[in-house]
J.: 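Take this structure first; my questions come after.
Chain naming here is simple, since letters A, B, ... match the order of the sequence lines and numbering starts at 1 in each.
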Amino acid sequence: MSKIFIGVAWPYANGPIHVGHMAGCNLPPDIFRRYHIMRGNEVLMVSGSDMHGTPVTVRAEKEGLRPEELAEKYHQLNVKAFDDFGVKFTEFHSTEDPDHIAIVQKLFLRLHETGHLYEKEMELPFCSKCDRTLPDRYVEGECPFCHYENARGDQCEECGKLMDPDLLINLRCTTCGSTPEFVKRNHFFFKLSALEEPLKKWMADKDYWRPHVLNFSRMFLEGGLKDRPVTRDTTYGIKIPIDGHDDKRIYVWFEAFMGYYTMAVKWAMDENGNLDQAKLDSFWKNPDCKHYYFLGKDNIPFHTIFWPAVVSALEWDLNLPYDVPANAFLKFGGQQFSKSRGVSVSIKDIVEEYDPDAMRYYMATTMPENRDADFTWEDFVTRNNSELVATYGNFVHRTLSFTQKNFGEIPDAPLNPEAEKAIKSALEEVAQHIEKCEFKMGIKRAMELARFGNQYIDAQAPWKQLKASREDCAATLYTSICISKALAIIFAPYLPFSSQKLWNALGEDGQIYEASWEDALVPPKSGTKLERPEPMFKKLDPPKKDEPVDEPQKEPKMTLDKLDLRIGKVIEANDHPNADKLIVLNVSLGQENRQLCAGLKEHYSLEEFVGKNIVVVCNLKPAKLRGIMSEGMLLAASEGDVVSLLLPPESAEPGTQLDGTTKAKQIEFPDFLKYTLEVGHDGYAGAIIGSKFIPFTVDGKNIGTDKNLGPGAKIK
RNA sequence: AGCGGGGUGGGGUAGCCAGGAAAUCCCAUCGGGCUCAUAACCCGAAGAUCAGUCGUUCAAAUCGACUCCCCGCUACCA
């Protein structure tokens, strides 16, 4: 029996866990964990919610909550989602956990003591209007090399040169546009540069890592390591345990991954908070305990470089990562998952709608182990129906129902030696795949055993044997039951819920996770009464095809349904800090708010905008307009010099979709310009599709223009 | 711009790191079998110059170079 430590990347508590997270970082460690438990190994699997990241504060502002409240809300939600999905952690808490905080502070002091942290004065741009120091990313100015006007503080996008904020000419704050001053602040730095060589040495024998992980990490190291600041000017987060730094907090990047250790410490404490050092050491100082970290590819350097650096800098001889099987990204219909763009499916919704195992199966077969993969509902349904239901589910069901009907119990007969061989090699190969974190291969191999089962039954034809020789028939069925039992075990790490059902249907008592991998070869007891079986999995209806798939035509046909036009209500209007003609609007679309830039300063005053209903193109690719993100475009008509907003009925609720338009996928700006939109003969706005004028309507009502422009006025 | 990843029968994918009779699985197509099973299962057929060019090699989807497309990232938003 050995010990396995599993660290799972800490999810941000700024939203519900979605299928991308689950397939990328959570399902794989759960499969791994379940397998090892069945092998009799002791597993410590930890993670928690990251509550201190900037995304949390940003999201909190949007929802009008304090960051702690928001984080706690999503933390609770996600704990439940994991549980419902069958993903179980030994310890799952949050960065607000008092023990986490206390231990992080201890580690901070320890690193200070070992000389890996030092204090240095750094000059930081400070925006007095926003009242905060600005990270490099949040300052812009003219590039001193190529004189590009909107170079960022970390890098000039135009010439690609790395930048420092103090080099920029005419600095400004990207948020508000005012000019920052430089202030001197003391910050703590982690001496990463000193660990470059040791890390290279450590990584030298990691050839068994996934190629993309290893490549990326080695490249990163080759690029050289710079010391990194580990504190920042903010008041949300963990306090620095050294006097005189009340206005600073420990940087999230530095603190969150310490959670792998803090959670282990927490686990090794009794109710009174007394630490059992030996218990902790058995996982963290035990050379025989392998440490695995599961995460998405965006997280690789933190786990293959920064975290190992910190662990070794503690100088306690703690275990370094053994493997970091990072996954690539799971995309959704070809797009990156993104909450803000509505490209997301939360686990909560999935478990309400489907059997978790159906989704676990789909994820396990498509997870992005070595490259990005694509999640589509169609594919999910197809794989569920034609593999899970038709191959595995069907094999078990035909076996059990035939046996139950004709024998009523597990017959007494010998196991077919061919089948025994097939079971053994499946067990062995699936085990090897899982141990090497090749989960996709593992489940594929498991499915082959089910396929073997179907072939076996077909070849034996027990329905014929029944008439010819009841003895032969019994042998076939007994063998099929043995295969079913093996399938229950083999699939248990992947599909725990259905394996449990099958386990009990085979007359085995208790929980399958208490069974061991080797039990797959223990013959089922003859004479066990069988219940009338229920199918293990349900067939799913193919997704409704509301429109014919639009692939056939090469030229994208102009149809309204490719546009996502919605009613927006202006909440706030401001001048663009860096442009003469642009204004920046904050617009409510019901569910969400968006920031738009519009070139209407010469035509409308700021006051005129507020409270107005407008028409917004919501599926335009977001673009930066003179430094400010514009997440859509408002529609206005122009006739000569006169520019007029489109005027939807005041009764229309923000967020209402214009009739005929859909939440279509994102389009590029040039594609949008291909549409001819204009004011029709009756003075109402619309689009020309083909040769027909189709008026825009919302809730059946026409949309006019603010200044009653005449027919033919162009809209954009 | 730089870096990283990808381009495999009609669609979606595996194989590539450790080169070897041209290739996995699912769907779609065609033919056959079976009727125990959630019209499920089983067998068979058709279909790819493995993006392109050049090179290394007895041998390349697999290694190297270049080109063309797609996607992602660009460490203070893990």
J.: For the pair made of CG in A/Asp379 and C1' in B/A14, what is the distance, rounded to whole Å?
T.: 14 Å
J.: Is any side-chain N or O of A/Arg451 closer than 4.0 Å to OP1 or OP2 of B/A40?
T.: no
J.: Which whole number of Å gives the distance between the P atom of B/C73 and that of B/C41?
T.: 40 Å
J.: Under a 3.5 Å cut-off for both distances, is B/G31 Watson-Crick or wobble paired, and to whom?
T.: B/C43
J.: Are A/Tyr260 and A/His303 close enough that a side-chain donor and a side-chain acceptor fall under 3.5 Å?
T.: yes
J.: For A/Lys538, does the NZ atom have more than 12 heavy-atom neighbours from other residues, nucleotides or ligands under 6.0 Å away?
T.: no
J.: Between B/G64 and B/G19, how far is it from one P atom to the other, in whole Å?
T.: 12 Å
J.: Please determine whether ring-ring contact (aromatic ring centres under 6.0 Å, His included) holds for the pair A/Phe537 and A/Tyr392, giving the CA-CA distance in whole Å, both sets of side-chain angles, and the decisive distance to 0.1 Å.
T.: CA-CA 9 Å; A/Phe537 306 105; A/Tyr392 175 31; 5.6 Å; yes
J.: What is the distance, rounded to the nearest whole Å, between atom CG of A/Leu540 and atom C1' of B/C26?
T.: 16 Å
J.: Once you measure the plane-to-plane angle for A/Phe257 and A/Trp253, does it fall in the parallel (<30°), tilted (30-60°) or perpendicular (>60°) bin?
T.: perpendicular
J.: Taking 4.0 Å as the cut-off, does a side-chain nitrogen or oxygen of A/Lys226 come that near to OP1 or OP2 on B/A75?
T.: no
J.: Please state the C1' separation for the pair B/U24 and B/G47 - nearest whole angstrom.
T.: 16 Å
J.: It should be established whether A/Lys405 places a side-chain nitrogen or oxygen under 4.0 Å from OP1 or OP2 of nucleotide B/A37.
T.: yes
J.: Looking at A/Gln455, I'd like to know whether one of its side-chain N or O atoms comes within less than 4.0 Å of OP1 or OP2 on B/C43.
T.: yes
